[in-house]
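Below is one structure, written out as structure tokens; the observations come after it.
Counting starts at 1 for both ligands and their atoms, in listed order. Computation of the quantities below employed the complete heavy-atom set of this structure, encompassing side-chain atoms and omitting hydrogens, waters and symmetry-equivalent molecules. Throughout, residue positions are numbered sequentially from 1 according to the sequence presented.
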Amino acid sequence: MEKLANKLLCCILDSLGVTVDDIEWAQKAEKSGSKVGQRAIRLNHYPVCPEPERAMGLAAHTDSTILTILHQSNMGGLQVFKEEYGWVTVEPVSGALVVNIGDLFHILSNGKIPSVVHRARVNQTRSRISIAYLWGGPAGDVEIRPIPKIVGPVGASLYRPITWNQYLRLKFEVFDKALDAIRVVNPTN
Ligand SMILES: O=C(O)CCC(=O)C(=O)O
Ligand SMILES: [Fe+2]
């Protein structure tokens with residue numbers, strides 16, 4: 001899973017014209033042979049619900065991660081929010097994994113690749129299980145910030161530096177307003 005996550009990150013960064021080496025803390029971690037960012041697995045279980053229209057399995061949220069790799073069983077339930085369409089169901093495809101961009105990547109990319117708002121519905125007749133591989137930020141007092149090469153020499157960094165733990169605390173406190181809370185009001189380069 002780690003290899004897949006690394007490969008995905010490389011591909012997405014490549015599409016922005018940068019590499020992992022352009023993320024200062026990631027480059028340092030790689031050089032010292034330590035893991036780039038913290039990893040966790042989350043198991044979600046959604047029991048059968050007699051009135052699914054009146055309940056929510058997992059409320060709308062963005063993941064705080066760099067990216068999340070999700071395996072949903074053959075039961076649908078995951079929905080993503082698309083500005084033009086509203087809530088769109090991500091139908092399960094046998095053998096496929098879902099990749100969600102998280103807030104940390106949103107910050108690194110200076111908002112160019114936004115984190116995805118998603119939620120999980122419950123079902124009236126069948127329970128559902130999903131497994132999420134969460135790739136988070138660095139431990140300690142390392143600061144996360146938009147990648148300078150993406151911001152560009154005359155561009156403006158849209159998010160202020162913050163440590164991973166501070167961001168998680170902020171997310172806990174203000175939930176879906178966390179990205180707005182670290183957004184620079186009048187950005188200058
Ligand atoms: O169960 C799902 O499909 C979504 C799970 C999820 O969004 C999460 O674990 O963060
Ligand atoms: Fe999620």
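- Checking Thr89 against Gln79 by side-chain atom types alone, a donor-acceptor pair falls below 3.5 Å.
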Step-by-step ring-ring contact (aromatic ring centres under 6.0 Å, His included) determination, Tyr159 to His106: CA-CA 10 Å; Tyr159 298 95; His106 185 122; 5.5 Å; yes

Which pairs of nitrogen or oxygen atoms, taken one from ligand 1 and one from the protein, are under 3.5 angstrom apart?
{"from": "ligand 1", "atom 1": "1 (O)", "to": "Tyr46", "atom 2": "OH", "distance (Å)": "2.6"}
{"from": "ligand 1", "atom 1": "1 (O)", "to": "Arg128", "atom 2": "NH1", "distance (Å)": "3.1"}
{"from": "ligand 1", "atom 1": "1 (O)", "to": "Ser130", "atom 2": "OG", "distance (Å)": "2.6"}
{"from": "ligand 1", "atom 1": "3 (O)", "to": "Arg128", "atom 2": "NH1", "distance (Å)": "3.3"}
{"from": "ligand 1", "atom 1": "3 (O)", "to": "Arg128", "atom 2": "NH2", "distance (Å)": "2.8"}
{"from": "ligand 1", "atom 1": "7 (O)", "to": "His61", "atom 2": "NE2", "distance (Å)": "3.2"}
{"from": "ligand 1", "atom 1": "7 (O)", "to": "His118", "atom 2": "NE2", "distance (Å)": "2.9"}
{"from": "ligand 1", "atom 1": "9 (O)", "to": "Arg42", "atom 2": "NE", "distance (Å)": "3.1"}
{"from": "ligand 1", "atom 1": "9 (O)", "to": "Arg42", "atom 2": "NH2", "distance (Å)": "3.2"}
{"from": "ligand 1", "atom 1": "9 (O)", "to": "Asn44", "atom 2": "ND2", "distance (Å)": "2.9"}
{"from": "ligand 1", "atom 1": "10 (O)", "to": "Arg42", "atom 2": "NH2", "distance (Å)": "2.7"}
{"from": "ligand 1", "atom 1": "10 (O)", "to": "His61", "atom 2": "NE2", "distance (Å)": "3.3"}
{"from": "ligand 1", "atom 1": "10 (O)", "to": "Asp63", "atom 2": "OD1", "distance (Å)": "3.2"}

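- Here the angle at the Fe ion (ligand 2) defined by NE2 in His118 and OD1 in Asp63 stands at 100°, rounded to 10 degrees.
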side-chain contact (heavy atoms from CB on, under 4.5 Å) evaluation trace for Arg145 with Val151: CA-CA 10 Å; Arg145 69 186 75 227; Val151 173; over 6 Å; no

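- For Lys177, there are no salt bridge (Lys or Arg N to Asp or Glu O under 4.0 Å) partners, not counting sequence neighbours.
- Taking 4.0 Å as the cut-off between side-chain N and carboxylate O, Lys28 and Glu24 count as a salt-bridged pair.
- Glu53 has a carboxylate O that lies under 4.0 Å from a charged side-chain N of Arg121, or vice versa, which qualifies the two as a salt bridge.
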